[in-house]
Peer 1: 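Sending over a structure as structure tokens; questions will come in a sec.
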Amino acid sequence: LNFFRSAAAPVLPLAVRAAMGLSSALVLALLLLPAVASAGHHDYGDALHKSILFFEGQRSGRLPPDQRLRWRRDSGLHDGAAAGVDLTGGYYDAGDNVKFGFPMAFTATLMSWGLIDFGRSFGPHKEEARKAVRWATDYFMKATAKPNTVYVQVGDAFKDHSCWERPEDMDTPRTVYKVDPSHPGSDVAAETAAALAAGSIVFRDADPVYSQRLLDRAMAVFKFADRYRGAYSSSLHAAVCPCYCDFDGYQDELLWAAAWLHKASRRREYRQYIKKNEVVLGASDSINEFGWDNKHAGINVLISKEVLMGKDEYFQSFRVNANNFMCTLLPGISDHPQIQYSPGGLLFKVGGSNMQHVTSLSFLILAYSNYLSHAGAHVSCGGGGRTAPPTKLRQVAKRQVDYILGDNPLRMSYMVGYGPRFPRRIHHRGSSIPSVAAHPARIGCKAGAAYYATAAPNPNLLVGAVVGGPTDATDAFPDARAVFQQSEPTTYINAPLMGLLAYFSAHPNPAEWADD
């Protein structure tokens with residue numbers, strides 16, 4: 001398969017076909033699919049608008065008058081009350097009704113990064129994107145209002161997951177969980193600090209007073225995270241595992257937060273912290289990972305901008321790490337590729353919710369390509385002088401975005417509401433149960449099971465939601481609620497996608513990219 005071309009129906013050798021377990025009929029069907037349309041045929045602006053709109057469907061708390069997904073109503077209005085704090089607002093992470101602080105903070109950080117790097121490309125969608133960020137940062141300001149304390153979760157995940165009910169009806173315990181000096185959580189606290197710091201950059205011009213409040217709080221939360229070190233998975237294991245255990249330790253989040261604080265404040269103390277702790281906190285570890293749990297690749301790409309923009313040779317090692325990371329993602333370039341691609345061209349890693357890897361890694365590829373362009377630099381991989389220009393990296397990122405939007409063997413979009421064919425039975429409580437407007441009477445915990453089990457499409461479109469998608473080498477997708485690994489949307493799938501869609505809405509045609 002020539003990954004860099006836009007054809008989506010590769011010829012599969014018999015051996016590959018057998019290994020994949022594909023029938024001859026299915027292979028023939030794939031080969032007879034029509035060719036992909038020419039470059040630039042997707043409406044990236046429409047997809048961007050919808051990717052932002054998705055977050056309105058994930059809102060918790062009292063909804064504002066300008067709420068556009070009208071099938072949603074107020075929910076979680078007493079969150080935090082049992083603990084004497086106001087924890088209303090924020091986002092539900094996926095298809096359930098729990099507010100998990102760790103992935104929510106990563107979501108906010110990535111939404112902000114997209115606005116910071118590609119703000120101009122957001123065009124008329126910039127303000128709605130900022131509102132999406134603010135819905136999260138307002139919540140984190142509440143969650144960090146008490147010094148040396150971060151409230152990191154609202155809701156009992158096990159009891160919530162045993163029910164299938166609308167957020168407006170939920171009656172499961174809204175248990176509050178926190179990290180503090182006696183129960184440290186450097187990972188979730190540092191990620192929260194990163195989200196606040198990144199948010200402060202987003203609002204620097206639009207709302208300077210709010211921006212400064214975010215930055216001040218970010219510095220205080222980072223100080224707490226660094227001083228009282230420990231993993232929240234240890235302090236709150238029964239509550240946060242297995243859903244959002246931190247399997248990779250808290251060290252990467254400390255470096256990640258310091259990088260964002262340096263970017264937001266330009267204070268020398270954070271620059272020194274990064275360099276002093278680069279080896280100790282493992283900046284080069286697990287370089288092929290990036291997501292809500294592992295920030296290593298993101299750290300290196302973010303900091304490498306300082307080097308490539310000629311601002312700080314002090315961080316040259318991070319640029320080397322970022323370069324090596326890019327090489328592991330480029331098909332046919334690296335001696336040691338770390339990522340696999342499906343026959344249809346989708347990047348995939350073993351496990352569930354594959355689109356989280358697709359969007360997060362593609363975002364890093366695109367961001368790094370822009371840094372390289374500004375520096376007039378290329379990616380160098382292995383021996384023999386093999387290099388890849390920034391345009392090649394953009395092609396890789398664009399190919400992933402186009403796959404999500406419908407350039408794939410199934411000819412379906414993995415974004416709800418985009419294109420003529422998209423997932424109709426997503427694993428999402430609010431979307432799958434009749435809305436309050438359509439069914440005013442309460443639908444209880446177990447009563448919702450009938451809606452979960454039905455083969456009927458969801459009655460409420462969660463417009464813009466991107467589901468987990470294909471999880472292996474077959475490009476297959478069942479469109480079934482029960483297969484949550486493939487049919488459940490998450491905020492951290494959509495967050496990096498916003499920046500990608502913004503860029504390609506402004507630069508849709510590869511032929512018009514600069515000759516790097």
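For reference, positions follow the sequence shown, starting with 1.
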Peer 1: Nearest 0.5 Å, please: how far is CH2 in W292 from CG in D248?
Peer 2: 8.5 Å

Peer 1: How many angstroms lie between CG in L405 and CG in L501, if you round to the nearest 0.5 Å?
Peer 2: 6.0 Å

Peer 1: Fit a plane to each ring of Y418 and H42, take the angle between them on a 0 to 90° scale, and name the class: parallel (under 30°), tilted (30 to 60°) or perpendicular (over 60°).
Peer 2: tilted

Peer 1: Going by an N to O cut-off under 4.0 Å, is there a salt bridge joining K223 and D226?
Peer 2: no

Peer 1: Using the ring of each side chain (for Trp, its six-membered ring), is F504 parallel, tilted or perpendicular to Y44, with breaks at 30° and 60°?
Peer 2: tilted

Peer 1: Using only heavy-atom distances, determine whether the side chains of Q67 and R59 contain a donor-acceptor pair under 3.5 Å.
Peer 2: yes

Peer 1: Decide yes or no for L254 and R229: does some side-chain heavy atom of the first lie under 4.5 Å from some side-chain heavy atom of the second?
Peer 2: yes

Peer 1: Sort out for me which residue in V466, N458, D479 forms a side chain to side chain contact (heavy atoms under 4.5 Å, CB included) with P423.
Peer 2: D479

Peer 1: Do F318 and F315 have their ring centres less than 6.0 Å from each other?
Peer 2: yes

Peer 1: Roughly how far, to the nearest 0.5 Å, is CG of L366 from CG of D117?
Peer 2: 8.5 Å

Peer 1: Hey, what do you get for CG (L115) to NZ (K126), rounding to the nearest 0.5 Å?
Peer 2: 7.0 Å

Peer 1: Salt bridge check, R68 against E128: does any charged N sit closer than 4.0 Å to a carboxylate O?
Peer 2: yes

Peer 1: Supply the atom-to-atom distance N277 CG to Y273 OH, rounded to the nearest 0.5 angstrom.
Peer 2: 4.5 Å

Peer 1: Checking the side chain of S235 only, and the main-chain atoms of P184 only, is there a donor and an acceptor separated by less than 3.5 Å?
Peer 2: yes

Peer 1: Are more than 12 heavy atoms, taken from residues, nucleotides or ligands other than R421, located less than 6.0 Å from that residue's CZ atom?
Peer 2: yes

Peer 1: On the ring face of F422, is R424 found with NZ or CZ under 6.0 Å from the centre and within 45° of the axis?
Peer 2: yes

Peer 1: I'd like to check L261 versus L215 (side-chain heavy atoms, cut-off strictly below 4.5 Å). Are they in contact?
Peer 2: yes

Peer 1: Could you walk me through whether R72 and E168 pass salt bridge (Lys or Arg N to Asp or Glu O under 4.0 Å), step by step?
Peer 2: CA-CA 8 Å; R72 279 297 322 280; E168 295 84 0; 2.8 Å; yes

Peer 1: If I compare all heavy atoms of M170 with all of Y92, which pair ends up nearest, and what's the gap?
Peer 2: CE-OH, 3.3 Å

Peer 1: Could you check H507 against S121 for side chain to side chain contact (heavy atoms under 4.5 Å, CB included), going step by step and ending with a plain yes or no?
Peer 2: CA-CA 8 Å; H507 310 279; S121 297; 4.1 Å; yes

Peer 1: Side-chain contact, heavy-atom cut-off 4.5 Å: S112 with I201?
Peer 2: no

Peer 1: Using a 4.5 Å cut-off on heavy atoms from C-beta on, say whether the side chain of N300 contacts that of Y368.
Peer 2: no

Peer 1: Which heavy-atom pair separates S60 from K99 by the least distance, and what is that distance?
Peer 2: OG-NZ, 3.6 Å

Peer 1: Run the numbers on S432 and Y452 for side chain to side chain contact (heavy atoms under 4.5 Å, CB included), then give the verdict.
Peer 2: CA-CA 7 Å; S432 66; Y452 172 81; 5.9 Å; no

Peer 1: Can you tell me if S211 and R204 form a side-chain donor-acceptor pair at under 3.5 Å?
Peer 2: no

Peer 1: Compare every heavy atom of A218 with every heavy atom of A197, then report the nearest pair and how far apart it is.
Peer 2: N-CB, 3.6 Å

Peer 1: Could you tell me whether the side chain of F477 reaches within less than 4.5 Å of the side chain of V467, counting heavy atoms only?
Peer 2: yes

Peer 1: Looking at W113 versus F363, is the centre-to-centre ring distance below 6.0 Å?
Peer 2: yes

Peer 1: Give the intermediate values and the outcome of side-chain hydrogen bond (donor to acceptor under 3.5 Å, both in side chains) for residues Y250 and S233.
Peer 2: CA-CA 10 Å; Y250 60 81; S233 299; over 6 Å; no

Peer 1: Let me see the working for I339 and K349 under side chain to side chain contact (heavy atoms under 4.5 Å, CB included), right down to the final yes or no.
Peer 2: CA-CA 7 Å; I339 301 295; K349 293 177 70 68; 3.8 Å; yes

Peer 1: Think R394 forms a cation-pi with Y503, using NZ or CZ under 6.0 Å from the six-ring centre and within 45 degrees of its axis?
Peer 2: no

Peer 1: Check the orientation of Y492 and Y244. Use parallel for under 30°, tilted for 30 to 60°, and perpendicular for over 60°.
Peer 2: perpendicular

Peer 1: Any sub-3.5 Å donor-acceptor pair from Q486's side-chain atoms to A476's backbone N or O?
Peer 2: yes

Peer 1: Is the Y151-Y177 ring centre distance short of 6.0 angstrom?
Peer 2: no

Peer 1: Is any side-chain heavy atom of D93 closer than 4.5 Å to one of T107?
Peer 2: no

Peer 1: What is the ring orientation for H427 with F484, classed by angle as parallel under 30°, tilted 30 to 60°, or perpendicular over 60°?
Peer 2: tilted

Peer 1: Would you call K131 and D66 a salt bridge, using N to O less than 4.0 angstrom?
Peer 2: yes

Peer 1: If you look at every heavy atom in V150 and A189, which pair is closest and at what distance?
Peer 2: CG2-CB, 4.1 Å

Peer 1: Verify whether the ring centers belonging to Y91 and Y139 lie closer than 6.0 Å.
Peer 2: no

Peer 1: I'd like to know if D138 pairs up with K142 as an ion pair, taking the criterion as any Lys NZ or Arg NE/NH1/NH2 lying under 4.0 Å from an Asp or Glu carboxylate oxygen.
Peer 2: no

Peer 1: Taking it one step at a time, do V396 and L329 satisfy side chain to side chain contact (heavy atoms under 4.5 Å, CB included)?
Peer 2: CA-CA 9 Å; V396 173; L329 301 178; 5.8 Å; no

Peer 1: Any idea which heavy atoms bring A264 and S200 closest together, and the distance?
Peer 2: CB-OG, 3.6 Å

Peer 1: For the residue pair W164 and C445, establish whether any side-chain heavy-atom pair is separated by less than 4.5 Å.
Peer 2: no

Peer 1: Compare all side-chain heavy atoms of S353 with those of I493 and state whether any distance is below 4.5 angstrom.
Peer 2: yes

Peer 1: Show your reasoning for whether salt bridge (Lys or Arg N to Asp or Glu O under 4.0 Å) applies to D180 and K146.
Peer 2: CA-CA 10 Å; D180 57 26; K146 183 178 179 180; over 6 Å; no

Peer 1: Could you tell me whether D169 and R166 have a side-chain N and a carboxylate O separated by less than 4.0 Å?
Peer 2: yes

Peer 1: Would D46 and H49 count as a side-chain hydrogen bond (donor to acceptor under 3.5 Å, both in side chains) if you check the C-alpha gap in whole Å, the side-chain angles of each, and the deciding distance to 0.1 Å?
Peer 2: CA-CA 5 Å; D46 179 55; H49 164 69; 5.9 Å; no

Peer 1: Pair H428, Q58 - check side-chain hydrogen bond (donor to acceptor under 3.5 Å, both in side chains), show working.
Peer 2: CA-CA 10 Å; H428 191 277; Q58 298 302 110; 2.8 Å; yes

Peer 1: Check the orientation of F224 and Y228. Use parallel for under 30°, tilted for 30 to 60°, and perpendicular for over 60°.
Peer 2: tilted

Peer 1: Would the distance check show the side chain of D246 and the main-chain N or O of Y232 forming a donor-acceptor pair, the cut-off being under 3.5 Å?
Peer 2: no

Peer 1: Where the side chain of D74 meets the backbone of L63, is there a donor-acceptor pair that is under 3.5 Å apart?
Peer 2: yes

Peer 1: Charged N to carboxylate O below 4.0 Å: is that the case for K295 and E191?
Peer 2: yes

Peer 1: Between S342 and D475, does a side-chain hydrogen bond (donor to acceptor under 3.5 Å, both in side chains) hold up when you go through it step by step?
Peer 2: CA-CA 6 Å; S342 73; D475 292 295; 2.6 Å; yes

Peer 1: Should E488 and R481 count as an ion pair when the cut-off is N to O under 4.0 Å?
Peer 2: no

Peer 1: Which heavy atom in D96 sits nearest to a heavy atom in H161, and how many Å separate them?
Peer 2: OD2-NE2, 2.7 Å

